[in-house]
There are 2 protein chains.
Amino acid sequence: MSEVVNLSRKEQVIRKAAELFKEKGYAAASMRDLAQKLGIEAASLYSHIKSKEEILHTLCFDMAAEFRRSLESVEKEQNLTASEKLQKGIIGHIQVMAKDLTASAVFMNEHRHLSQPSLRDFLLLRINYINRFKTMIEEGVAKGEFKSTIDKKLAVMTLFSSLNWMPMWYDPDAAIEPEDLGRQLADMLVNGLRKDK
Amino acid sequence: MSEVVNLSRKEQVIRKAAELFKEKGYAAASMRDLAQKLGIEAASLYSHIKSKEEILHTLCFDMAAEFRRSLESVEKEQNLTASEKLQKGIIGHIQVMAKDLTASAVFMNEHRHLSQPSLRDFLLLRINYINRFKTMIEEGVAKGEFKSTIDKKLAVMTLFSSLNWMPMWYDPDAAIEPEDLGRQLADMLVNGLRKDK
DNA sequence: TTAATTTTTAAATTGGCGTTTAGAAAATTT
DNA sequence: AAATTTTCTAAACGCCAATTTAAAAATTAA
(Lines give C-alpha, C1' and ligand atoms only; values in the text may rest on other atoms or scores of the structure.)
Protein backbone atom coordinates (compact mmCIF):
# COMPACT_ATOMS: atom_id res chain seq x y z
CA MET A 1 0.00 0.00 0.00
CA SER A 2 2.71 2.45 -0.85
CA GLU A 3 1.68 5.33 -3.02
CA VAL A 4 4.99 6.96 -3.66
CA VAL A 5 7.92 6.25 -5.97
CA ASN A 6 5.77 3.52 -7.44
CA LEU A 7 6.22 5.36 -10.69
CA SER A 8 9.24 3.75 -12.17
CA ARG A 9 7.77 0.42 -13.23
CA LYS A 10 4.36 1.81 -14.00
CA GLU A 11 5.86 4.45 -16.22
CA GLN A 12 7.88 1.81 -17.97
CA VAL A 13 4.68 -0.05 -18.71
CA ILE A 14 2.97 3.07 -19.99
CA ARG A 15 5.86 4.03 -22.22
CA LYS A 16 6.07 0.60 -23.81
CA ALA A 17 2.32 0.63 -24.20
CA ALA A 18 2.55 3.93 -26.04
CA GLU A 19 4.98 2.39 -28.50
CA LEU A 20 2.73 -0.58 -29.03
CA PHE A 21 -0.43 1.50 -29.37
CA LYS A 22 1.28 3.73 -31.88
CA GLU A 23 2.56 0.77 -33.86
CA LYS A 24 -0.53 -1.44 -33.99
CA GLY A 25 -3.33 0.80 -32.84
CA TYR A 26 -5.01 0.49 -29.45
CA ALA A 27 -7.62 -2.09 -30.42
CA ALA A 28 -5.15 -4.36 -32.20
CA ALA A 29 -2.56 -4.19 -29.42
CA SER A 30 -2.98 -6.92 -26.84
CA MET A 31 -1.92 -6.97 -23.24
CA ARG A 32 0.01 -10.13 -24.05
CA ASP A 33 1.93 -8.20 -26.72
CA LEU A 34 2.70 -5.53 -24.18
CA ALA A 35 3.81 -8.00 -21.55
CA GLN A 36 6.11 -9.70 -24.03
CA LYS A 37 7.71 -6.37 -24.91
CA LEU A 38 8.49 -5.96 -21.22
CA GLY A 39 9.67 -9.54 -20.78
CA ILE A 40 6.97 -10.47 -18.29
CA GLU A 41 3.66 -12.30 -18.24
CA ALA A 42 0.42 -10.51 -19.03
CA ALA A 43 -0.91 -11.06 -15.53
CA SER A 44 2.01 -9.12 -14.10
CA LEU A 45 0.88 -5.95 -15.78
CA TYR A 46 -2.05 -5.74 -13.43
CA SER A 47 0.19 -5.10 -10.46
CA HIS A 48 1.01 -1.77 -12.05
CA ILE A 49 -2.08 -0.65 -13.92
CA LYS A 50 -5.78 -1.13 -13.38
CA SER A 51 -6.73 -1.80 -16.96
CA LYS A 52 -5.72 -1.41 -20.57
CA GLU A 53 -7.88 1.65 -20.86
CA GLU A 54 -6.26 3.30 -17.86
CA ILE A 55 -3.05 3.37 -19.87
CA LEU A 56 -4.75 5.04 -22.81
CA HIS A 57 -6.42 7.49 -20.47
CA THR A 58 -3.13 8.43 -18.88
CA LEU A 59 -1.42 8.89 -22.23
CA CYS A 60 -4.18 11.01 -23.72
CA PHE A 61 -4.88 13.24 -20.75
CA ASP A 62 -1.25 13.80 -19.84
CA MET A 63 -0.55 15.01 -23.35
CA ALA A 64 -3.68 17.15 -23.32
CA ALA A 65 -2.53 18.79 -20.10
CA GLU A 66 0.84 19.60 -21.61
CA PHE A 67 -0.66 21.12 -24.72
CA ARG A 68 -2.95 23.18 -22.58
CA ARG A 69 -0.12 24.41 -20.37
CA SER A 70 1.89 25.40 -23.41
CA LEU A 71 -0.96 27.34 -24.98
CA GLU A 72 -1.81 29.10 -21.75
CA SER A 73 1.68 30.47 -21.37
CA VAL A 74 1.46 31.93 -24.86
CA GLU A 75 -1.93 33.47 -24.20
CA LYS A 76 -0.55 35.25 -21.16
CA GLU A 77 1.98 37.17 -23.23
CA GLN A 78 1.00 40.66 -24.19
CA ASN A 79 1.62 43.08 -27.01
CA LEU A 80 2.00 40.40 -29.62
CA THR A 81 0.73 40.61 -33.17
CA ALA A 82 -1.59 37.85 -34.30
CA SER A 83 1.19 36.34 -36.38
CA GLU A 84 3.53 36.30 -33.44
CA LYS A 85 0.95 34.76 -31.16
CA LEU A 86 0.14 32.11 -33.73
CA GLN A 87 3.79 31.42 -34.24
CA LYS A 88 4.42 30.98 -30.55
CA GLY A 89 1.39 28.77 -30.17
CA ILE A 90 2.60 26.57 -33.00
CA ILE A 91 6.14 26.38 -31.71
CA GLY A 92 4.85 25.45 -28.27
CA HIS A 93 2.69 22.71 -29.67
CA ILE A 94 5.54 21.23 -31.67
CA GLN A 95 7.88 21.39 -28.70
CA VAL A 96 5.41 19.50 -26.55
CA MET A 97 5.00 16.92 -29.28
CA ALA A 98 8.71 16.58 -29.88
CA LYS A 99 9.26 15.81 -26.21
CA ASP A 100 7.29 12.59 -26.71
CA LEU A 101 6.43 11.77 -30.28
CA THR A 102 5.15 8.34 -29.36
CA ALA A 103 2.64 9.58 -26.83
CA SER A 104 1.70 12.34 -29.26
CA ALA A 105 0.84 9.83 -31.94
CA VAL A 106 -1.33 7.90 -29.48
CA PHE A 107 -2.96 11.11 -28.31
CA MET A 108 -3.88 11.93 -31.86
CA ASN A 109 -4.82 8.53 -33.29
CA GLU A 110 -6.13 6.44 -30.44
CA HIS A 111 -8.11 8.74 -28.20
CA ARG A 112 -11.32 7.60 -29.83
CA HIS A 113 -11.02 4.27 -28.06
CA LEU A 114 -11.60 5.93 -24.73
CA SER A 115 -14.98 5.02 -23.33
CA GLN A 116 -17.45 7.43 -21.84
CA PRO A 117 -17.30 9.67 -19.97
CA SER A 118 -13.58 10.05 -20.63
CA LEU A 119 -14.10 10.35 -24.36
CA ARG A 120 -16.46 13.23 -23.91
CA ASP A 121 -14.05 14.99 -21.55
CA PHE A 122 -11.21 14.50 -23.96
CA LEU A 123 -13.13 15.87 -26.92
CA LEU A 124 -14.15 18.88 -24.89
CA LEU A 125 -10.52 19.60 -24.08
CA ARG A 126 -9.65 19.25 -27.72
CA ILE A 127 -12.38 21.48 -29.06
CA ASN A 128 -11.42 24.05 -26.49
CA TYR A 129 -7.79 23.90 -27.61
CA ILE A 130 -8.73 24.28 -31.25
CA ASN A 131 -11.04 27.16 -30.48
CA ARG A 132 -8.27 29.02 -28.76
CA PHE A 133 -6.20 28.82 -31.92
CA LYS A 134 -9.26 29.91 -33.85
CA THR A 135 -9.53 32.94 -31.60
CA MET A 136 -5.96 33.90 -32.46
CA ILE A 137 -6.85 33.82 -36.12
CA GLU A 138 -10.02 35.80 -35.57
CA GLU A 139 -8.07 38.42 -33.64
CA GLY A 140 -5.74 38.67 -36.60
CA VAL A 141 -8.68 39.28 -38.90
CA ALA A 142 -10.26 41.78 -36.52
CA LYS A 143 -7.04 43.78 -36.32
CA GLY A 144 -6.72 43.83 -40.10
CA GLU A 145 -3.58 41.74 -39.97
CA PHE A 146 -5.16 38.77 -41.73
CA LYS A 147 -7.47 38.74 -44.72
CA SER A 148 -11.13 38.95 -43.90
CA THR A 149 -11.88 36.64 -46.80
CA ILE A 150 -10.33 33.54 -45.31
CA ASP A 151 -12.46 30.66 -44.08
CA LYS A 152 -11.51 30.58 -40.42
CA LYS A 153 -12.65 27.03 -39.89
CA LEU A 154 -10.58 25.88 -42.84
CA ALA A 155 -7.59 27.81 -41.58
CA VAL A 156 -7.67 26.39 -38.11
CA MET A 157 -8.37 22.85 -39.29
CA THR A 158 -5.49 23.06 -41.72
CA LEU A 159 -3.22 24.18 -38.93
CA PHE A 160 -4.46 21.54 -36.57
CA SER A 161 -4.26 18.78 -39.18
CA SER A 162 -0.73 19.73 -39.94
CA LEU A 163 0.23 19.69 -36.28
CA ASN A 164 -1.50 16.39 -35.72
CA TRP A 165 0.23 14.63 -38.54
CA MET A 166 3.67 15.71 -37.57
CA PRO A 167 4.39 12.75 -35.29
CA MET A 168 3.91 10.56 -38.36
CA TRP A 169 6.74 12.03 -40.36
CA TYR A 170 8.82 14.26 -38.11
CA ASP A 171 12.23 12.76 -37.56
CA PRO A 172 13.68 13.95 -34.25
CA ASP A 173 17.15 12.92 -35.36
CA ALA A 174 16.95 15.10 -38.44
CA ALA A 175 18.66 18.43 -38.59
CA ILE A 176 15.61 20.56 -37.97
CA GLU A 177 14.74 21.69 -34.45
CA PRO A 178 11.16 21.89 -33.18
CA GLU A 179 11.46 25.64 -32.87
CA ASP A 180 12.63 26.03 -36.46
CA LEU A 181 9.95 23.73 -37.71
CA GLY A 182 7.31 25.74 -35.87
CA ARG A 183 8.67 28.99 -37.26
CA GLN A 184 8.55 27.64 -40.78
CA LEU A 185 5.05 26.25 -40.44
CA ALA A 186 3.83 29.55 -39.04
CA ASP A 187 5.54 31.42 -41.85
CA MET A 188 4.00 29.21 -44.48
CA LEU A 189 0.58 29.62 -42.99
CA VAL A 190 0.81 33.38 -42.60
CA ASN A 191 2.81 34.33 -45.68
CA GLY A 192 2.19 31.42 -48.02
CA LEU A 193 4.44 29.78 -50.53
CA ARG A 194 4.37 32.62 -53.04
CA LYS A 195 7.47 34.67 -53.50
CA ASP A 196 7.09 38.31 -52.52
CA LYS A 197 7.14 40.67 -55.47
CA MET B 1 -20.50 -19.68 -60.03
CA SER B 2 -21.85 -16.51 -61.49
CA GLU B 3 -19.43 -13.67 -61.77
CA VAL B 4 -21.66 -10.92 -63.03
CA VAL B 5 -24.20 -8.55 -61.47
CA ASN B 6 -23.20 -10.02 -58.15
CA LEU B 7 -22.25 -6.53 -57.19
CA SER B 8 -25.35 -5.16 -55.61
CA ARG B 9 -25.30 -7.09 -52.36
CA LYS B 10 -21.53 -7.14 -52.15
CA GLU B 11 -21.37 -3.40 -52.56
CA GLN B 12 -23.99 -3.00 -49.90
CA VAL B 13 -21.80 -5.00 -47.54
CA ILE B 14 -18.75 -2.94 -48.38
CA ARG B 15 -20.50 0.36 -47.92
CA LYS B 16 -21.87 -0.60 -44.53
CA ALA B 17 -18.45 -1.90 -43.60
CA ALA B 18 -16.94 1.45 -44.50
CA GLU B 19 -19.34 3.18 -42.13
CA LEU B 20 -18.51 0.74 -39.38
CA PHE B 21 -14.75 0.93 -39.93
CA LYS B 22 -14.89 4.70 -39.90
CA GLU B 23 -16.93 4.74 -36.74
CA LYS B 24 -15.11 2.16 -34.61
CA GLY B 25 -11.86 1.59 -36.43
CA TYR B 26 -11.09 -1.57 -38.40
CA ALA B 27 -9.70 -3.62 -35.53
CA ALA B 28 -12.54 -2.79 -33.16
CA ALA B 29 -15.24 -3.43 -35.74
CA SER B 30 -16.48 -7.01 -35.73
CA MET B 31 -18.08 -8.99 -38.51
CA ARG B 32 -21.00 -9.54 -36.14
CA ASP B 33 -21.43 -5.78 -35.85
CA LEU B 34 -21.41 -5.53 -39.61
CA ALA B 35 -23.90 -8.35 -40.05
CA GLN B 36 -26.23 -6.77 -37.52
CA LYS B 37 -26.10 -3.48 -39.39
CA LEU B 38 -27.27 -5.36 -42.47
CA GLY B 39 -29.88 -7.35 -40.60
CA ILE B 40 -28.31 -10.74 -41.29
CA GLU B 41 -26.12 -13.29 -39.52
CA ALA B 42 -22.35 -13.00 -39.60
CA ALA B 43 -21.97 -16.22 -41.53
CA SER B 44 -24.03 -14.79 -44.39
CA LEU B 45 -21.39 -12.16 -45.07
CA TYR B 46 -19.07 -14.82 -46.40
CA SER B 47 -21.28 -15.49 -49.39
CA HIS B 48 -20.36 -12.03 -50.59
CA ILE B 49 -16.84 -11.37 -49.42
CA LYS B 50 -13.85 -13.59 -48.83
CA SER B 51 -12.68 -12.03 -45.61
CA LYS B 52 -12.80 -8.94 -43.44
CA GLU B 53 -9.53 -7.79 -44.88
CA GLU B 54 -10.78 -8.10 -48.44
CA ILE B 55 -13.28 -5.37 -47.60
CA LEU B 56 -10.54 -3.11 -46.27
CA HIS B 57 -8.42 -3.87 -49.31
CA THR B 58 -11.21 -2.95 -51.68
CA LEU B 59 -11.97 0.28 -49.86
CA CYS B 60 -8.34 1.40 -49.69
CA PHE B 61 -7.29 0.48 -53.20
CA ASP B 62 -10.44 1.77 -54.89
CA MET B 63 -9.93 5.15 -53.25
CA ALA B 64 -6.25 5.10 -54.15
CA ALA B 65 -7.14 4.46 -57.78
CA GLU B 66 -9.53 7.38 -57.82
CA PHE B 67 -7.00 9.75 -56.32
CA ARG B 68 -4.46 8.62 -58.83
CA ARG B 69 -6.83 9.12 -61.76
CA SER B 70 -7.67 12.60 -60.58
CA LEU B 71 -4.04 13.62 -60.22
CA GLU B 72 -3.10 12.20 -63.59
CA SER B 73 -5.68 14.26 -65.39
CA VAL B 74 -4.27 17.40 -63.79
CA GLU B 75 -0.71 16.46 -64.69
CA LYS B 76 -1.71 16.12 -68.32
CA GLU B 77 -2.78 19.74 -68.57
CA GLN B 78 -0.26 22.13 -70.03
CA ASN B 79 0.69 25.76 -69.67
CA LEU B 80 -0.32 25.99 -66.06
CA THR B 81 1.52 27.96 -63.41
CA ALA B 82 2.61 26.03 -60.35
CA SER B 83 -0.14 27.67 -58.32
CA GLU B 84 -2.75 26.66 -60.84
CA LYS B 85 -1.51 23.12 -61.01
CA LEU B 86 -1.45 22.86 -57.25
CA GLN B 87 -4.91 24.32 -57.06
CA LYS B 88 -6.30 21.87 -59.56
CA GLY B 89 -4.62 18.97 -57.82
CA ILE B 90 -6.12 20.01 -54.53
CA ILE B 91 -9.58 20.53 -55.95
CA GLY B 92 -9.44 17.13 -57.61
CA HIS B 93 -8.42 15.46 -54.38
CA ILE B 94 -11.23 17.09 -52.46
CA GLN B 95 -13.76 16.20 -55.11
CA VAL B 96 -12.76 12.56 -54.99
CA MET B 97 -13.01 12.63 -51.22
CA ALA B 98 -16.34 14.39 -51.20
CA LYS B 99 -17.81 11.70 -53.46
CA ASP B 100 -17.33 9.23 -50.61
CA LEU B 101 -16.30 10.75 -47.32
CA THR B 102 -16.78 7.48 -45.47
CA ALA B 103 -14.46 5.49 -47.69
CA SER B 104 -12.03 8.40 -47.60
CA ALA B 105 -11.89 8.28 -43.84
CA VAL B 106 -11.20 4.56 -43.95
CA PHE B 107 -8.58 5.05 -46.64
CA MET B 108 -6.79 7.52 -44.44
CA ASN B 109 -7.16 5.99 -40.97
CA GLU B 110 -7.39 2.27 -41.42
CA HIS B 111 -5.04 1.33 -44.23
CA ARG B 112 -2.40 0.37 -41.73
CA HIS B 113 -4.38 -2.73 -40.85
CA LEU B 114 -3.73 -4.18 -44.27
CA SER B 115 -1.37 -7.10 -44.08
CA GLN B 116 1.60 -7.65 -46.33
CA PRO B 117 2.10 -7.46 -49.21
CA SER B 118 -0.94 -5.22 -49.64
CA LEU B 119 0.29 -2.79 -47.04
CA ARG B 120 3.55 -2.31 -48.87
CA ASP B 121 1.75 -1.80 -52.17
CA PHE B 122 -0.57 0.72 -50.61
CA LEU B 123 2.24 2.71 -49.03
CA LEU B 124 4.07 2.78 -52.34
CA LEU B 125 1.01 4.23 -54.03
CA ARG B 126 0.72 6.81 -51.31
CA ILE B 127 4.32 7.90 -51.35
CA ASN B 128 4.12 8.17 -55.10
CA TYR B 129 1.04 10.36 -54.82
CA ILE B 130 2.66 12.62 -52.27
CA ASN B 131 5.80 12.90 -54.34
CA ARG B 132 3.82 14.08 -57.33
CA PHE B 133 2.47 16.94 -55.26
CA LYS B 134 5.98 17.59 -54.04
CA THR B 135 7.11 17.83 -57.65
CA MET B 136 4.51 20.50 -58.28
CA ILE B 137 5.90 22.52 -55.42
CA GLU B 138 9.45 22.02 -56.59
CA GLU B 139 8.52 23.19 -60.07
CA GLY B 140 7.06 26.29 -58.52
CA VAL B 141 10.32 26.95 -56.72
CA ALA B 142 12.36 26.23 -59.83
CA LYS B 143 10.33 28.70 -61.87
CA GLY B 144 10.71 31.40 -59.23
CA GLU B 145 7.02 31.34 -58.46
CA PHE B 146 7.49 30.01 -54.94
CA LYS B 147 10.04 31.01 -52.35
CA SER B 148 13.23 29.02 -52.42
CA THR B 149 13.44 29.21 -48.64
CA ILE B 150 10.48 26.97 -47.95
CA ASP B 151 10.93 23.50 -46.56
CA LYS B 152 9.41 21.40 -49.32
CA LYS B 153 8.82 18.39 -47.14
CA LEU B 154 7.02 20.53 -44.60
CA ALA B 155 4.96 22.16 -47.33
CA VAL B 156 3.82 18.93 -48.89
CA MET B 157 3.14 17.26 -45.56
CA THR B 158 1.10 20.23 -44.43
CA LEU B 159 -0.93 20.01 -47.60
CA PHE B 160 -1.36 16.30 -47.34
CA SER B 161 -2.26 16.42 -43.66
CA SER B 162 -4.86 19.00 -44.35
CA LEU B 163 -6.37 16.96 -47.14
CA ASN B 164 -6.34 13.81 -45.07
CA TRP B 165 -8.12 15.33 -42.14
CA MET B 166 -10.87 16.85 -44.14
CA PRO B 167 -13.18 13.81 -43.97
CA MET B 168 -13.15 14.28 -40.21
CA TRP B 169 -14.69 17.73 -40.22
CA TYR B 170 -15.98 18.48 -43.69
CA ASP B 171 -19.75 18.64 -43.71
CA PRO B 172 -21.10 17.80 -47.16
CA ASP B 173 -24.45 19.38 -46.28
CA ALA B 174 -22.80 22.69 -45.44
CA ALA B 175 -22.86 25.56 -47.85
CA ILE B 176 -19.35 25.15 -49.18
CA GLU B 177 -18.73 23.14 -52.34
CA PRO B 178 -15.70 20.89 -52.78
CA GLU B 179 -14.41 23.12 -55.54
CA ASP B 180 -14.66 26.25 -53.41
CA LEU B 181 -13.04 24.52 -50.49
CA GLY B 182 -10.17 23.42 -52.72
CA ARG B 183 -9.75 26.91 -54.09
CA GLN B 184 -9.59 28.36 -50.61
CA LEU B 185 -7.14 25.81 -49.34
CA ALA B 186 -4.90 26.39 -52.33
CA ASP B 187 -5.12 30.13 -51.83
CA MET B 188 -4.24 29.85 -48.18
CA LEU B 189 -1.29 27.67 -48.94
CA VAL B 190 0.03 29.82 -51.76
CA ASN B 191 -0.81 33.30 -50.49
CA GLY B 192 -1.08 32.80 -46.76
CA LEU B 193 -3.34 34.42 -44.22
CA ARG B 194 -1.64 37.82 -44.28
CA LYS B 195 -3.43 40.69 -45.86
CA ASP B 196 -1.70 42.12 -48.89
CA LYS B 197 -0.27 45.54 -48.36
C1' DT C 1 -43.16 -25.67 -62.49
C1' DT C 2 -38.99 -27.22 -62.55
C1' DA C 3 -34.11 -26.11 -62.36
C1' DA C 4 -30.45 -23.25 -61.19
C1' DT C 5 -28.61 -19.78 -58.51
C1' DT C 6 -28.26 -16.54 -54.76
C1' DT C 7 -28.76 -15.62 -50.10
C1' DT C 8 -29.21 -16.93 -45.55
C1' DT C 9 -28.82 -19.75 -41.39
C1' DA C 10 -27.52 -22.74 -37.23
C1' DA C 11 -23.88 -24.84 -35.40
C1' DA C 12 -19.35 -25.63 -34.73
C1' DT C 13 -14.20 -24.73 -34.89
C1' DT C 14 -10.22 -22.60 -33.38
C1' DG C 15 -8.06 -19.20 -31.10
C1' DG C 16 -7.13 -14.81 -28.82
C1' DC C 17 -8.87 -11.40 -25.71
C1' DG C 18 -8.79 -8.63 -20.92
C1' DT C 19 -8.79 -9.79 -16.50
C1' DT C 20 -8.82 -12.33 -11.76
C1' DT C 21 -7.02 -15.22 -8.22
C1' DA C 22 -3.94 -17.17 -4.99
C1' DG C 23 0.32 -17.41 -4.04
C1' DA C 24 5.58 -17.62 -5.02
C1' DA C 25 9.86 -15.06 -5.70
C1' DA C 26 12.51 -10.95 -5.36
C1' DA C 27 13.64 -6.62 -3.57
C1' DT C 28 13.35 -3.27 0.03
C1' DT C 29 12.82 -1.64 4.67
C1' DT C 30 13.17 -2.22 9.59
C1' DA D 1 17.29 -11.61 10.20
C1' DA D 2 12.57 -10.64 10.03
C1' DA D 3 8.93 -8.12 8.21
C1' DT D 4 7.01 -5.69 4.57
C1' DT D 5 6.26 -4.37 0.07
C1' DT D 6 6.86 -4.89 -4.83
C1' DT D 7 6.93 -7.71 -8.69
C1' DC D 8 5.93 -11.64 -10.91
C1' DT D 9 3.71 -16.21 -12.33
C1' DA D 10 0.67 -20.29 -13.52
C1' DA D 11 -3.74 -21.31 -14.21
C1' DA D 12 -8.00 -20.35 -15.13
C1' DC D 13 -12.56 -17.71 -16.40
C1' DG D 14 -15.86 -16.06 -19.50
C1' DC D 15 -16.28 -13.90 -23.60
C1' DC D 16 -15.91 -12.57 -28.29
C1' DA D 17 -13.30 -12.90 -32.58
C1' DA D 18 -13.05 -14.54 -37.84
C1' DT D 19 -14.21 -18.14 -40.39
C1' DT D 20 -16.06 -22.92 -42.21
C1' DT D 21 -19.48 -26.32 -43.21
C1' DA D 22 -23.67 -28.36 -44.67
C1' DA D 23 -27.94 -27.46 -45.62
C1' DA D 24 -32.29 -24.66 -45.81
C1' DA D 25 -34.83 -20.87 -47.76
C1' DA D 26 -35.63 -17.38 -51.09
C1' DT D 27 -35.08 -15.62 -55.60
C1' DT D 28 -34.52 -15.88 -60.59
C1' DA D 29 -34.39 -18.28 -65.07
C1' DA D 30 -35.88 -21.88 -68.27
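Letters A, B, ... mirror the listed sequences (proteins, then strands); counts begin at 1.
- Nucleotide D:dT20 holds its C1' atom 14 Å from the CG atom of B:Leu45, rounded to whole Å.
- Ring geometry for B:Phe21 against B:Tyr26 counts as perpendicular: the plane angle is over 60°, on a 0 to 90° scale with 30° as the lower cut.
- One interatomic measurement links the two molecules: CG of A:Leu20 to C1' of C:dC17, which rounds to 14 Å at whole-angstrom precision.
- Taking atom CZ of A:Arg9 as the reference point, atom P of C:dT28 lies 12 Å away to the nearest angstrom.
- Look at OH on A:Tyr46: it is 7 Å from P on C:dT20, rounded to the nearest Å.
- Salt-bridge annotation for B:Asp121 and B:Arg126: absent, with no side-chain N of the basic residue lying under 4.0 Å from a carboxylate O of the acidic one.
- With rounding to whole Å, A:Leu56 atom CG is found 13 Å from C:dG18 atom P.
- Looking at residues 26-38 of chain A, you'll see A:Ala29, A:Ser30, A:Met31, A:Arg32 sit with a heavy atom under 4.0 Å from some atom of DNA chain C.
- Listed by chain and number, the residues in a salt bridge (Lys or Arg N to Asp or Glu O under 4.0 Å) with B:Glu139 are B:Lys85 (sequence neighbours excluded).
- Considering only side-chain atoms of A:Glu41, the nucleotide from D:dT9, D:dT19, D:dC8 that sits closest is D:dT9.
- For the pair A:Lys50 NZ and C:dT20 P, the computed distance is 11 Å after rounding to whole Å.
- Contact annotation: B:Ser44 does not reach the phosphate of C:dT7 (side-chain N/O to OP1 or OP2, under 4.0 Å).
- The aromatic rings of A:Phe133 and A:Tyr129 stand perpendicular to each other, their planes meeting at an angle above 60°, with 30° marking the opposite boundary.
- Between B:Lys10 and B:Glu54, at least one side-chain N (NZ, or NE/NH1/NH2) sits under 4.0 Å from a carboxylate O, which counts as a salt bridge.
- Straight-line distance from the NE2 atom of B:His48 to the C1' atom of C:dT5: 13 Å, rounded to whole Å.
- Looking only at distances, a side-chain donor or acceptor of A:Asp33 sits under 3.5 Å from a matching main-chain atom of A:Ser30.
- Side-chain atoms of B:Lys52 lie closest to D:dA18 of the nucleotides D:dA10, C:dA10, D:dA18.
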